[in-house]
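Treat the numbers as computed from the prediction; the structure is a model and nothing was measured.
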Amino acid sequence: MATVTFSSPILAKDVTVYAVAGDMGTLLALARRNAIPLPCQCQDGECGSCLIKVTDLGDTAPKAQALTEREKTTLSLNGKLSRALLDRAEGANMAPPYRLACQFVVPDSDILVEFSGEPGVEIDLRR
């Protein structure tokens, strides 16, 4: 069982929830089940409103999770996925830092999920 810790300026404190191993649900679905106010609009990977920063908290090197075609396009258009980051994710199996919660399937490892609370705004701009 993995833990997912949500962190955002709009939360009173970080919230950690358990993710069931093998559950193929998205991070957005997990957030909704646990009343985490993660912004979302289209829920289809096209708008970028559910932009998150994911940090692996495990002891082993994180493995990249395949990006959907919509996620690749949206993250690229929003300047969050360069060609170099995409090559590293696909070729060297290294996870890119920014993802879309509606497309990201919860991994079987402990992760930190940071979001700004504003649709499509990266957390690093709110620090």
Side-chain angles (χ1 to χ4, degrees):
M1 186 173 295
T3 61
V4 178
T5 300
F6 291 92
S7 180
S8 173
I10 66 169
L11 298 173
K13 62 179 182 171
D14 291 356
V15 177
T16 300
V17 299
Y18 292 102
V20 178
D23 180 2
M24 295 305 291
T26 65
L27 189 67
L28 180 59
L30 179 67
R32 286 191 163 180
R33 280 195 308 270
N34 290 279
I36 307 296
L38 206 153
C40 65
Q41 291 172 358
C42 77
Q43 302 174 42
D44 201 26
E46 293 182 359
C47 72
S49 65
C50 61
L51 181 69
I52 56 171
K53 184 176 183 180
V54 179
T55 305
D56 191 276
L57 301 175
D59 294 333
T60 59
K63 292 193 173 20
Q65 181 186 109
L67 289 99
T68 66
E69 290 304 315
R70 286 184 178 164
E71 192 174 20
K72 288 177 192 177
T73 300
T74 301
L75 289 172
S76 295
L77 290 173
N78 291 327
K80 302 298 174 232
L81 185 65
S82 65
R83 185 74 218 163
L85 283 175
L86 181 58
D87 289 345
R88 283 182 34 195
E90 294 181 334
N93 204 26
M94 296 179 70
Y98 286 97
R99 301 296 301 261
L100 299 178
C102 70
Q103 300 293 295
F104 184 70
V105 176
V106 180
D108 190 18
S109 62
D110 298 341
I111 59 172
L112 170 65
V113 175
E114 298 173 280
F115 62 100
S116 70
E118 297 177 55
V121 176
E122 67 181 85
I123 185 67
D124 293 332
L125 293 177
R126 293 295 172 244
R127 291 194 174 138

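- Side-chain contact check for L51 versus P39: every heavy-atom pair is 4.5 Å or farther apart.
- Here the closest non-hydrogen pair linking G45 and L100 is O-CD1, 3.7 Å.
- Between E69 atom CD and T74 atom OG1 the span is 11.0 Å, to the nearest 0.5 Å.
- Here the closest non-hydrogen pair linking P96 and L81 is CB-CD1, 4.1 Å.
- Here L27 contributes atom CG and I52 contributes atom CD1; the two are 4.5 Å apart, rounded to the nearest 0.5 Å.
- In summary, K53 and E122 do not engage in a salt bridge, as defined by a charged side-chain N under 4.0 Å from a carboxylate O.
- Taking both residues in full, the closest heavy atoms of G48 and N78 are given as CA-ND2, 4.1 Å, listed atom of the first, atom of the second, then distance.
- Atoms CG and OG, on L57 and S109 in that order, are 8.0 Å from each other to the nearest 0.5 Å.
- Placement of L85 and I123 within a single hydrophobic cluster is found when ILVMFWY residues are connected by side-chain heavy-atom separations under 4.5 Å, directly or transitively.
- Residues L86 and L77 are members of separate hydrophobic clusters, defined by side-chain heavy-atom contacts under 4.5 angstrom among Ile, Leu, Val, Met, Phe, Trp and Tyr.
- Counting only heavy atoms from C-beta outward, the side chains of S8 and V15 never approach each other to under 4.5 Å.
- Of the inter-residue distances, the one linking I111 atom CD1 with F6 atom CZ reads 7.0 Å to the nearest 0.5 angstrom.
- What you find for L38 and F115 is that their closest heavy atoms are CA-CE1, 3.9 Å.
- Between the side chains of D14 and T5, no donor-acceptor pair of N or O atoms lies under 3.5 Å.
- Test T68, V54, L28, L30 against F104 for side chain to side chain contact (heavy atoms under 4.5 Å, CB included) and you get one pass: V54.
- Atom CD of residue Q103 and atom CD of residue Q43 lie 10.5 Å apart, to the nearest 0.5 angstrom.
- Side-chain atoms of E90 and L67, non-hydrogen and from C-beta on, never get closer than 4.5 Å to each other.
- A pairwise comparison of heavy atoms in D44 and C102 identifies N-SG, 3.9 Å as the closest pair.
- Interatomic distance, CD1 of I36 versus OG of S7, reported as 10.5 Å (0.5 Å rounding).
- Between A19 and V106, the closest heavy-atom pair is CB-CG1, 3.4 Å.
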